[in-house]
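The structure appears right after this line, and notes come after that.
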2 protein chains.
Amino acid sequence: MAKSIKDILKKNLGTKVNGSLWLESADGRFLGPGPIELLERIAETGSISAAAKEMKMSYKKAWELINNLNAHLATPAVIPQAGGEKGGGSVLTPEAMELISYHRELRKSFTAFLENESKKLTL
Amino acid sequence: MAKSIKDILKKNLGTKVNGSLWLESADGRFLGPGPIELLERIAETGSISAAAKEMKMSYKKAWELINNLNAHLATPAVIPQAGGEKGGGSVLTPEAMELISYHRELRKSFTAFLENESKKLTL
DNA sequence: TATCGTTATATATTTGAAAATATAACGATT
DNA sequence: AATCGTTATATTTTCAAATATATAACGATA
């Protein structure tokens with residue numbers, strides 16, 4: 001029988017299939033792993049700047065991710081308020097929560113796909 | 001009924017799920033889309049440098065990709081020869097051909113996965 | 001109205017990856 | 001031995017992306 005992929009790879013390296021997913025439209029990507037974690041931390045902290053700091057991301061980049069995300073949604077995921085008690089903050093809309101849970105499901109089936117493909121490399 | 005992902009996205013942007021796949025082991029990635037196209041062009045041209053030029057990739061990067069790929073295989077995918085008629089060249093082993101066809105299959109099932117997930121965004 | 005920390009935005013700086021450049025070894029052919 | 005274009009490798013340069021820095025607007029509270 002001809003050599004198959006598993007015969008070709010070095011056997012002691014634990015080779016796996018891995019990958020990355022995102023949502024995109026004509027004007028670019030807008031929902032990779034980064035923005036989702038950012039949403040989760042905004043939910044915890046109540047502010048974009050605090051969430052960014054936790055992730056060691058610059059505020060500017062965090063703001064751009066959120067702004068870009070909102071631009072792709074029928075209803076924004078994050079409602080910002082500049083000024084007010086404690087200087088302001090940001091709250092997530094129900095749509096943001098749905099995005100997070102959608103991403104969890106998507107991630108789950110992608111993981112299943114990757115594990116299934118990885119099995120073929122060893123089994 | 002609660003809002004689902006398709007209600008949340010802007011409807012006129014043709015949003016899709018897209019992604020990227022690669023093989024990796026403990027010491028890093030070694031088979032994304034780039035290296036496969038490179039292999040195909042080395043097969044056509046008989047040289048790494050000509051293949052790199054076709055892809056507008058620097059020779060150095062092409063060489064690193066190939067070298068890194070070989071390092072992960074039980075048997076090298078590319079056999080280089082420096083010197084000789086026409087200065088030398090590189091030939092692919094049967095293992096390289098198998099890698100190419102493996103990648104085609106992998107890509108096919110990934111595309112099916114992505115299309116299936118993308119359908120959920122509109123349907 | 002003074003204060004606070006946030007959002008929002010522009011500009012400058014850093015940094016890291018890719019490309020460009022340079023050089024040497026290689027080996028069949030003449 | 002001279003030539004050729006390739007492989008192999010080190011060094012320099014370029015460029016884009018990320019970060020850092022600076023500044024202003026915001027608005028509830030005291």
Practice prompt. Just compare dT7(C), dT29(D), dA19(C) and give me whichever is closest to any side-chain atom of E85(A).
Written response: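 Among dT7(C), dT29(D), dA19(C), the one nearest the side chain of E85(A) is dT29(D).
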
Worksheet entry | Residues E64(A), K61(A): salt bridge by 4.0 Å N-O rule |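 No.
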
Practice prompt. In plain terms, say whether R41(A) and E37(A) are close enough for a salt bridge, that is, a side-chain N and a carboxylate O under 4.0 Å apart.
Written response: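 A salt bridge is present here (some side-chain N lies under 4.0 Å from a carboxylate O).
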
Nearest-Å distance, [atom1] ([X]) to [atom2] ([N])?
{"X": "I48(B)", "N": "dG5(D)", "atom1": "CD1", "atom2": "P", "answer": "18 Å"}
{"X": "Y59(A)", "N": "dA10(C)", "atom1": "OH", "atom2": "P", "answer": "13 Å"}
{"X": "N68(A)", "N": "dT9(C)", "atom1": "CG", "atom2": "P", "answer": "14 Å"}
{"X": "L65(A)", "N": "dA8(C)", "atom1": "CG", "atom2": "P", "answer": "14 Å"}
{"X": "R29(B)", "N": "dA17(C)", "atom1": "CZ", "atom2": "P", "answer": "13 Å"}
{"X": "K61(B)", "N": "dT9(D)", "atom1": "NZ", "atom2": "C1'", "answer": "18 Å"}
{"X": "M57(A)", "N": "dA20(D)", "atom1": "CE", "atom2": "C1'", "answer": "15 Å"}
{"X": "K53(A)", "N": "dT7(C)", "atom1": "NZ", "atom2": "P", "answer": "11 Å"}

Discussion item. Taking the nucleotide of DNA chain D with the nearest heavy atom to each, does G84(A) or E64(A) sit closer to the 5' end?
Written reply: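 Looking at DNA chain D, the more 5' nearest nucleotide goes with E64(A).
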
Worksheet item: Toward the 5' end of DNA chain D, which comes first, G83(B) or K60(B), by nearest nucleotide?
Response: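 Result: G83(B).
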
Worksheet item: Can you tell me if S109(A) and E117(B) form a side-chain donor-acceptor pair at under 3.5 Å?
Response: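 Yes, E117(B) and S109(A) have a side-chain donor paired with an acceptor closer than 3.5 Å.
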
Does [N] have OP1 or OP2 sitting under 4.0 Å from an N or O in the side chain of [X]?
{"X": "S49(A)", "N": "dT7(C)", "result": "yes"}
{"X": "S90(A)", "N": "dT6(C)", "result": "no"}
{"X": "S47(A)", "N": "dG5(C)", "result": "no"}
{"X": "W63(B)", "N": "dT7(D)", "result": "no"}

Discussion item. Measuring only between side-chain heavy atoms, which start at C-beta, is L23(B) closer than 4.5 Å to Y102(B)?
Written reply: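 Yes, close enough: below the 4.5 Å cut-off.
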
Worksheet item: Is there a side-chain contact between T75(A) and I8(B) (heavy atoms, below 4.5 Å)?
Response: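 Result no, sub-4.5 Å side-chain heavy-atom pair not found.
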
Worksheet item: Is there a donor on the side chain of K86(B) or the base of dT3(D) sitting less than 3.5 Å from an acceptor on the other?
Response: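 No.
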
Practice prompt. Could you tell me whether the side chain of K56(A) has a donor or acceptor atom within less than 3.5 Å of a complementary atom in the base of dT19(D)?
Written response: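 Side chain to base: no pair present.
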
